[in-house]
Amino acid sequence: MDDINHMARALAEARAATDYGEVPVGAVVVEATTGRVLAVAANRVEQDRDPTAHAEILAIRAAARELRTPRLTECDLYVTLEPCAMCAQAIAFARIRRVIFGAYDPKGGGVEHGARIFTQPTCHHAPEIIGGLEEGASGALLREFFSGLR
C-alpha cells in the first residue's frame with residue numbers, strides 16, 4: 001500500500017510539471033526503514049535550462065542533502081517513468097535500495113530498455129527494480145502531454 005501512496009505523490013509531481021511545459025515525470029525518495037519522504041521532484045529541464053535536471057537526479061540530490069550523505073542505501077526511489085541511462089547511473093552511484101517506476105520507456109529507458117545500466121559489468125550497484133506500478137496513469141500523462149505538442 002505504501003508503494004501506491006508514494007507513486008501517487010510522484011504522479012502528482014508529474015502532473016505539476018506540465019504547468020511549466022516540462023515532460024511529466026515525477027520522483028519521490030523515501031527512507032525505507034521509516035517511510036519518511038526525503039525528497040520530491042519533477043522534471044525541470046526547460047525551467048532550469050539544464051539537460052540533467054531530470055526528476056530522479058533532482059530528488060536524489062535533495063535526499064542526499066537531507067541525509068548529509070552521498071549514499072542512499074536505505075532509500076527507495078519512486079518515479080513515473082523508467083529512468084534513462086543518465087538517471088540509472090546516478091541511482092547506481094547513490095546506491096538506492098529499490099527503484100519503483102510507472103511507465104516503461106522502450107525509446108529512452110536505461111533500466112529495462114536501451115543501455116540496461118544495472119546489468120553492465122561496470123555497474124557497481126544494482127537496485128531491486130519494480131516496473132509498471134501505476135503504469136496506466138503514468139503512460140496516460142505522457143501520451144496526453146506529447147499529443148498536445150503535435
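On a predicted model such as this, the values are computed, not experimentally measured, just so you know.
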Participant: Hey, quick one: are Ile91 and Ile117 part of the same hydrophobic cluster, counting side-chain heavy atoms closer than 4.5 Å, chains of contacts allowed?
Facilitator: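 Yes: a chain of side-chain contacts under 4.5 Å links Ile91 to Ile117.
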Participant: What residues form a side-chain hydrogen bond (donor to acceptor under 3.5 Å, both in side chains) with Thr52, not counting sequence neighbours?
Facilitator: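 With sequence neighbours excluded, Thr52 shows a side-chain hydrogen bond (donor to acceptor under 3.5 Å, both in side chains) to Asp50, given in chain and number order.
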Participant: Donor-acceptor check, side chain of Thr80 to backbone of Leu11, threshold 3.5 angstrom: yes or no?
Facilitator: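 Looks like no, no N/O pair under 3.5 Å.
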Participant: Flag yes if Met86 and Val45 sit in one hydrophobic cluster, no otherwise; membership is Ile, Leu, Val, Met, Phe, Trp, Tyr, and two members link when side-chain heavy atoms are under 4.5 Å apart.
Facilitator: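 No, it is not one cluster - the side chains of Met86 and Val45 are not joined through contacts under 4.5 Å.
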Participant: To the nearest 0.5 Å, how far apart are CZ in Arg44 and CD1 in Ile57?
Facilitator: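 One gets 12.0 Å once the value is rounded to the nearest 0.5 Å.
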Participant: Is Phe93 reachable from Phe118 through a run of I, L, V, M, F, W or Y residues, each pair having side-chain heavy atoms under 4.5 Å apart?
Facilitator: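 Each belongs to a different hydrophobic cluster.
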Participant: Which atoms form the tightest heavy-atom contact between Ala41 and Ala59, and what is the distance?
Facilitator: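 Here Ala41 and Ala59 meet closest at CB-N, 3.8 Å.
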Participant: The criterion is side-chain hydrogen bond (donor to acceptor under 3.5 Å, both in side chains); which residues satisfy it with Gln120, sequence neighbours excluded?
Facilitator: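 With sequence neighbours excluded, Gln120 shows a side-chain hydrogen bond (donor to acceptor under 3.5 Å, both in side chains) to no residue whatsoever.
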Participant: Does Ala8 offer a backbone N or O that forms a donor-acceptor pair with the side chain of Glu134 under 3.5 Å?
Facilitator: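 Not confirmed, Glu134 side chain does not pair with Ala8 backbone.
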Participant: Taking atom CD1 of Ile60 and atom SG of Cys75, what is their separation to the nearest 0.5 Å?
Facilitator: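 One finds 10.0 Å between CD1 of Ile60 and SG of Cys75.
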Participant: How far apart are the closest heavy atoms of Ala88 and Gly110, and which atoms are they?
Facilitator: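 That would be CB-O, 4.1 Å.
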Participant: Has the side chain of Ser147 got a donor or acceptor atom that lies under 3.5 Å from a matching backbone atom of Glu144?
Facilitator: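 The answer is yes, because a donor-acceptor pair under 3.5 Å joins these two groups.
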Participant: Taking all non-hydrogen atoms of both residues, which atom of Gly26 and which atom of Ala14 are closest, and how far apart?
Facilitator: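 Heavy-atom minimum between the residues: N-CB, 3.6 Å.
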Participant: Quick check: is Leu38 connected to Val79 through a chain of hydrophobic side chains (ILVMFWY, heavy atoms under 4.5 Å apart)?
Facilitator: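 In one cluster with Val79: Leu38, yes.
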Participant: Tell me, yes or no, whether the heavy-atom count around Arg9 atom CZ, taken from other residues, nucleotides or ligands under 6.0 Å, exceeds 12.
Facilitator: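 No, CZ of Arg9 has 12 or fewer neighbouring heavy atoms, counting only those of other groups under 6.0 Å.
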Participant: Taking all heavy atoms of Ala62 and all of Ala39, pick out the closest pair and write down the distance.
Facilitator: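 Where Ala62 meets Ala39 most closely, the heavy atoms are CB-CB, 3.6 Å.
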Participant: Tell me if a side-chain donor or acceptor on Glu82 pairs with a main-chain N or O of Asp105 at a distance below 3.5 Å.
Facilitator: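 Answer holds: yes.
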Participant: Measure the CG-CD1 distance between Asp76 and Ile130 for me, rounded to the nearest 0.5 Å.
Facilitator: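 Atom-to-atom, Asp76:CG and Ile130:CD1 are 8.0 Å apart.
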Participant: Would a 4.5 Å heavy-atom cut-off, applied to side chains only, mark Glu56 and Val25 as touching?
Facilitator: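 Sidechains of Val25 and Glu56: in contact.
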Participant: Please determine whether side-chain contact (heavy atoms from CB on, under 4.5 Å) holds for the pair Glu31 and Leu67, giving the CA-CA distance in whole Å, both sets of side-chain angles, and the decisive distance to 0.1 Å.
Facilitator: CA-CA 10 Å; Glu31 197 170 39; Leu67 292 177; 3.8 Å; yes
Participant: Out of curiosity, does Met7 fall in the hydrophobic cluster containing Leu58 (side-chain heavy atoms, cut-off under 4.5 Å, transitive links)?
Facilitator: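 As far as the 4.5 Å side-chain criterion goes, Met7 and Leu58 are not connected within one cluster.
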Participant: Are more than 12 heavy atoms, taken from residues, nucleotides or ligands other than Arg36, located less than 6.0 Å from that residue's CZ atom?
Facilitator: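 Count over threshold, so yes.
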Participant: Using the side-chain contact (heavy atoms from CB on, under 4.5 Å) rule, pick out the option among Leu77, Asp3, Ile129 that qualifies with Arg98.
Facilitator: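 Filter result, single survivor: Asp3.
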Participant: Please check: side-chain N/O of His113 versus main-chain N/O of Lys107, any donor-acceptor pairing under 3.5 Å?
Facilitator: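 No, because the side chain of His113 does not come within donor-acceptor range (under 3.5 Å) of the backbone of Lys107.
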Participant: Got a donor-acceptor contact below 3.5 angstrom from the Asn43 side chain to the Pro24 backbone?
Facilitator: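 Checked: no pair found.
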Participant: If you round to the nearest 0.5 Å, how far is OG1 of Thr69 from CD of Glu74?
Facilitator: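 Those atoms lie 11.5 Å apart.
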Participant: Do you know the tightest heavy-atom contact between Leu133 and Ser138?
Facilitator: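 Distance-wise, the nearest heavy atoms are O-OG, 4.5 Å.
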Participant: Could you give the distance from SG (Cys84) to CD (Gln89), rounded to the nearest 0.5 Å?
Facilitator: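 Between Cys84 SG and Gln89 CD, I get 10.5 Å after rounding to 0.5 Å.
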Participant: Which heavy atom of Thr18 sits nearest a heavy atom of Phe145, and at what distance?
Facilitator: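 Looks like CG2-CD1, 4.1 Å.
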Participant: Hey, does the side chain of Gln47 reach the backbone of Tyr20 with a donor-acceptor pair shorter than 3.5 angstrom?
Facilitator: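 Checked: no pair found.
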